[in-house]
Amino acid sequence: MKYKTLPLLFLTLGLFLLFPVAAGTQSGNPIALVEAFLCEDIQDNVPQNRTTVFSIERRTAVCYTAFDPVPQQAVIYHQWFHRDKPSARIRLTLKPPRWSTYSSIQLRAEDIGPWRVEITDAQGNIFHILRFSVTE
Amino acid sequence: MDNFLILILSLRWQDIIDIGLVSYILLRFYVLFRGTNAFRVLIGMTILWFFQQVAVSLGLVVTSWVVQGVVALGAFIIIVIFRNEIRNVLLARNLKSILWDFSSKTVITAIETIVQSVHEMAQQKCGALLVFPGKEDLEEVVQGGIPWKGAISKEMILSIFWPDNPVHDGAAIIQGDQIDQVTVILPVSRSDNLPSYYGTRHRAALGLAEATDALVILVSEERGDVVVAKDSQLRIVKQKRRLEQILQEHMGVAIKKGRESRKEKLAFIAAAMFSVVFTTGVWFSVSRGVDTLVTLQVPLEYTKRDLAMEIVKTSINTVNLELEGSGALIKSIRPDQVQVRLDLSKSKAGPNTFTISRKNISLPPGVVLKGVTPSVVDVELDVLIKKELPVQIDWVGRLPDHFILEQASVEPKTVEIIGAQRMLEKMKTIYTEKIPLDNLEVEGVITANVALNPASLKIAPGSEERVTIKYLTRLRNQ
């Protein structure tokens, strides 16, 4: 009996270590998005020039997000859409107790037009949608 | 002969009505305008037109130009110069007689009017003298007279002999359907055989009847008798019908009913035959001339669509129709005469396939359909739904380099859109029209329309078509 339950215990522990976010979000103590905006750059972990319009000459668009609390390590996604067409899905890891993170995309001439970034959890639940335009 | 038979057998009932109607219109023109100067000029113009056609077919360029010019000018001249004559013809008849009546009633109508006028004057004991010349000239016999040249009407005759009218004295001379002269002094009879109660008016009437072959109608002022003087005799006429007969005999209407009536009938039959032959000739030359084949690109029209559905996609929007017909018909085809319609009443949501057949195509008469390409059309329909979509600003252009657009918000944040289900299900955002960045202030408010793309989308009732944009710019941190 003792030898039969031991492998099951190890298996359960292993699963917790492998999928901490899933475990955290299912626990009923969710992570919370406190800040989300677009900016031109991040320098020394500080967002620079918060904006909603990017010129392609700037070459980069950055989506900055801050979460508090982050009860345990979790995964979120920044999903970038050009018009309604998916362009990039960036996986970001959050760590307790609070965490700020960002993603960015490189802008090209064909990217001119309206964009949106959906900030979602691992299950696809949307925290927030940011909208912006890429212009000449 | 066989070709002629084939030609005749190919006639549709519409073609026969077509020829019949135009022939009848031509015949009506003849009936209404025969005997008028306008009609004679019209005949001349027709001959000229025919001559011009011959000149064109022979290649006589200058001649055909000149004749064409004369014909064009002639048509204008007819309307201008003969406008009174044309107006008289049309005004003198009621609608029924314009459309249907074939008899020549000018003289008969005048006689009826005269008889009625005389009868009325007799009842009112209004003295009158009416002279109807025969073949002899009255110029040498009568005196005075004021030219009147008025069309006969009861009112006109009554007013001339009204006692207070300055021209009521003397006689009125009537020529055809016209009062030619009034206040004419007639020669007085010197006969001793007249009753004592006959006055000067009776003697004047008899005097003219003795001197000429004219017929004089007299209305006695004292007794209200109607007396006819003809061939040196005075006769009291009591019945209107008898007076009418006397007038008809004098004016030759009765004789006309014999020989001239037959001649008139023959002329009428000839005119009717000419109208039919001429119209048939023109009809065949127009509709069965040298065949021409032409390909027309015609837009497809979709009809009877269920209003709850929308056309999402069609494989084609135009079809090429190969049409055959006479050159004149093909050249005269107007775009609205050729239509291709597809009935969508039985179509369902999703892809539908239709085959274009003759019943989908409407063509002008005489034009034959030889082919349709492509003959198959795929039409995709979808159910219309409503969906609430977030509005996003579609910025274009660029801000000055040292500025950034820090904030921009839009109100209302969402609008409700109506469109095809498959399309709307894929749409996550609706955009504004393009908003230029170049002219933005530091901060401000702009109103803009929602861009409905594709155009089949509609704003749902109750939802805003225009949105308000608030923005804030600031200097960029370097």
Side-chain angles (χ1 to χ4, degrees), chain A residues 35-64 77 79-89 104 107-120 124-136, chain B residues 387-414 417 419 422-440 442-444 446 448 450-451 453-454 457 467 469-478:
Chain A
E35 203 170 18
F37 55 83
L38 294 146
C39 59
E40 288 183 343
D41 200 4
I42 304 284
Q43 287 178 6
D44 302 327
N45 292 322
V46 177
Q48 302 293 314
N49 296 326
R50 183 174 168 164
T51 183
T52 57
V53 172
F54 294 86
S55 167
I56 48 169
E57 284 184 1
R58 292 273 155 194
R59 295 189 179 174
T60 309
V62 180
C63 176
Y64 174 87
Y77 289 93
Q79 297 189 58
W80 297 74
F81 294 86
H82 183 201
R83 295 195 175 269
D84 281 337
K85 192 177 164 191
S87 179
R89 186 170 186 258
S104 64
L107 301 178
R108 301 156 298 172
E110 58 266 33
D111 292 331
I112 288 174
W115 283 72
R116 73 172 190 272
V117 187
E118 289 181 2
I119 301 148
T120 68
N125 300 313
I126 296 171
F127 289 112
H128 190 63
I129 296 175
L130 293 167
R131 297 179 188 277
F132 67 100
S133 289
V134 176
T135 64
E136 295 165 9
Chain B
K387 185 175 181 182
E388 194 163 6
L389 290 172
V391 184
Q392 181 169 347
I393 309 160
D394 190 1
W395 297 106
V396 290
R398 58 185 299 173
L399 281 169
D401 282 344
H402 52 287
F403 275 102
I404 56 170
L405 186 67
E406 190 179 49
Q407 286 176 30
S409 64
V410 61
E411 277 299 330
K413 288 186 170 49
T414 60
I417 301 290
R422 290 185 192 189
M423 190 188 302
L424 272 188
E425 276 174 355
K426 289 177 193 164
M427 287 181 70
K428 304 289 180 197
T429 315
I430 190 94
Y431 302 98
T432 65
E433 60 185 324
K434 297 197 182 300
I435 313 289
L437 290 161
D438 313 64
N439 303 320
L440 293 189
V442 175
E443 63 181 308
I446 306 167
V450 171
N453 188 22
L457 294 179
V467 292
I469 298 160
K470 288 182 184 171
Y471 65 88
L472 175 65
T473 63
R474 71 168 175 80
L475 285 168
R476 168 179 281 114
N477 297 328
Q478 296 301 321

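Below, chains carry the letters A, B, ... as their sequence lines are ordered, and counting in each starts from 1.
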Subject >> Cation-pi check, A:Arg131 onto B:Tyr431 ring (under 6.0 Å, within 45° of axis) >> reply: no
Original post:
Is it true that a side-chain atom of A:Glu136 and a backbone atom of B:Val396 form a donor plus acceptor pair closer than 3.5 Å?
Top reply: no
**OP:** For B:Lys426 and A:Asp84, work out which heavy atoms get closest and say how close.
**Re:** O-OD2, 3.9 Å
Original post:
Relative to chain B, which segment of A:Phe81 carries a heavy atom at a distance below 4.5 Å: side chain, backbone, both, or neither?
Top reply: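 Neither part, no heavy atoms under 4.5 Å.
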Output the distance between atom [atom1] ([X]) and atom [atom2] ([Y]), rounded to the nearest 0.5 Å.
| X | Y | atom1 | atom2 | value |
| --- | --- | --- | --- | --- |
| B:Ile404 | A:Glu40 | CD1 | CD | 6.0 Å |
| B:Met427 | A:Arg83 | CE | CZ | 10.0 Å |
| A:Phe37 | B:Glu406 | CZ | CD | 9.5 Å |
| B:Asp394 | A:Thr135 | CG | OG1 | 10.5 Å |
| B:Leu472 | A:Thr52 | CG | OG1 | 9.5 Å |
| B:Arg398 | A:Glu57 | CZ | CD | 4.0 Å |

Subject >> A:Arg58 and B:Arg476, any side-chain heavy atoms less than 4.5 Å apart >> reply: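 A side-chain contact exists here, since the closest heavy-atom pair is under 4.5 Å.
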Original post:
Does A:Thr51 reach the side chain of B:Arg474, with side-chain heavy atoms less than 4.5 Å apart?
Top reply: no
Subject >> Interface residue of largest heavy-atom contact number with chain B, from A:Ser133, A:Cys39, A:Gly113, A:Ser55, under 4.5 Å >> reply: A:Ser133
Subject >> Options B:Gly397, B:Pro390, B:Ala408, ranked by heavy-atom pairs under 4.5 Å with chain A, top entry >> reply: B:Gly397
Original post:
Take atom CG in A:Asn45; do more than 12 heavy atoms of anything else shown fall under 6.0 Å from it?
Top reply: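 No, the 6.0 Å shell around CG holds no more than 12 heavy atoms from other groups.
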Subject >> chain A contact via B:Ile393 - side chain, backbone, both or neither, heavy atoms under 4.5 Å >> reply: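 Contact with chain A involves the backbone of B:Ile393 alone.
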Original post:
Heavy-atom distance under 4.5 Å to chain A: side chain of B:Lys434, backbone, both or neither?
Top reply: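 Contact with chain A: side chain only.
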